[in-house]
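Note that ligands are numbered from 1 as they come in the structure, with each ligand's atoms numbered from 1 the same way. All values below were derived from every heavy atom in this structure, side-chain atoms included, with hydrogens, water molecules and symmetry-related copies excluded.
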Amino acid sequence: MDRRQTFLMTSTPEAPPPTHRLRVDEEALAANWRHLDAMSGSASAGAAVKADCYGLGVDACVPVLQEAGAGAFFVAHWSEVAAVLDHVEPGRVAVLHGPMSDADVRFALETRVPPVINSLSQARRWNEAGGGTCHLMLDTGINRLGVTPSELSDPAIEALEVDIFMSHLACADEDSAMNKRQMDAFRAASGQVRAERFSLSNSAGIALGADYHFDMTRPGLALYGGVPRAEFAGKIRQVAHLEAAIIQVRTLQAGESVGYNAQFTAETPMRIGTVSLGYADGFLRACGPGNHLLYGEVILPLLGKVSMDMVVVDLSQAPETGEGDWLEVPFDLPNAAQQSSVSQYELLTVIGPRLRNC
Ligand SMILES: *Cc1c(COP(=O)(O)O)cnc(C)c1O
């Protein structure tokens, strides 16, 4: 039942300017895709755009990736399809979780977005509906989704019209013997499957060399500025810039404290700023202690706990700052991950929708 009511007879006016924002550097995003595509050699790079482009927003990122040259876009859920279809033709979108129900199959057929088939039951469900072109995931050791090598000879799998035959690496960000084992298993299975294209590597896998590239690579993290392996350092550019304004300036007296649980206490009088950014925006509590925000080049240490909508910084080193001045979160992902012990993937994907919508 739709419980919405109309309280405004006219449409809501446009919201006033926000006090925090996520800026997506489109040039850096396009350059990262081109770099990953070039590193993929004769293979072409697709783009993982699941989780709203890892937190950066489908509307901001997908058109840029498409213009840069990406030809295949991977989401996890059927609910993520509509946003991508605003920018991309259906045959270029793939849904990694595949059809879990008849409703999923109907949605796939109506939208003409092919699923990734991950199991015999998904294959049967797809075949029974006369599904047509789909993708196929082989499990080569990560043990999440995908058919096993021995299931490839099942009639339900042999009946599929496979566009992309793929597998996924478990340890590509490490120099693990498992990488080659998975690659060998995928190569062996490739001889058994009729498919238009073959695809194994995520971002990190691209750096493992030509043996891992096949026809298509599927970078996600590195598109958005993540550096999963040393080979990418200095080549992948920061894409996400988090900025927030000072919304109040205060002066603490010696002995006064800041924030929940009074975790910071001033030893001398000091000028502090309350900033419009909190854990609801994805600036997690783990990002607080020992870290800082930047006013230009000036380092402003964070004081006390991160609140839901606010953090407090020490303004001692920036006496010229005032209400309305913008600060930047240091969001170079490998550094930020090291500082906070939160993974690069998580730092991106927890960016709050509140920031994306401004
Ligand atoms: C998320 C995902 C990717 C992208 O992985 P990154 O490590 O972010 O580059 C590629 N393939 C599959 C199947 C995925 O689920």
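Counting all heavy atoms, side chain and backbone alike, Phe214 lies closest to Ala43 at O-CB, 3.2 Å. Between Gly225 and Val239 the shortest heavy-atom distance is N-CG2, 4.0 Å. Contact between Val58 and Asp52 at its shortest, heavy atoms only, is N-OD1, 2.7 Å.
The main-chain N or O of His135 is never found under 3.5 Å from a side-chain atom of Asp163 such that the two would form a donor-acceptor pair. In terms of modelled atom types and a separation under 3.5 Å, the side chain of Thr217 and the main chain of His213 share no donor-acceptor contact.
Contact shell of ligand 1 (protein heavy atoms, cutoff 4.0 Å): Ala48, Lys50, Tyr54, Leu96, Met137, His168, Asn202, Ser203, Arg218, Pro219, Gly220, Leu221, Tyr345.
Contact annotation: the side chain of His292 never approaches that of Val313 to less than 4.5 Å [non-hydrogen atoms, C-beta and beyond].
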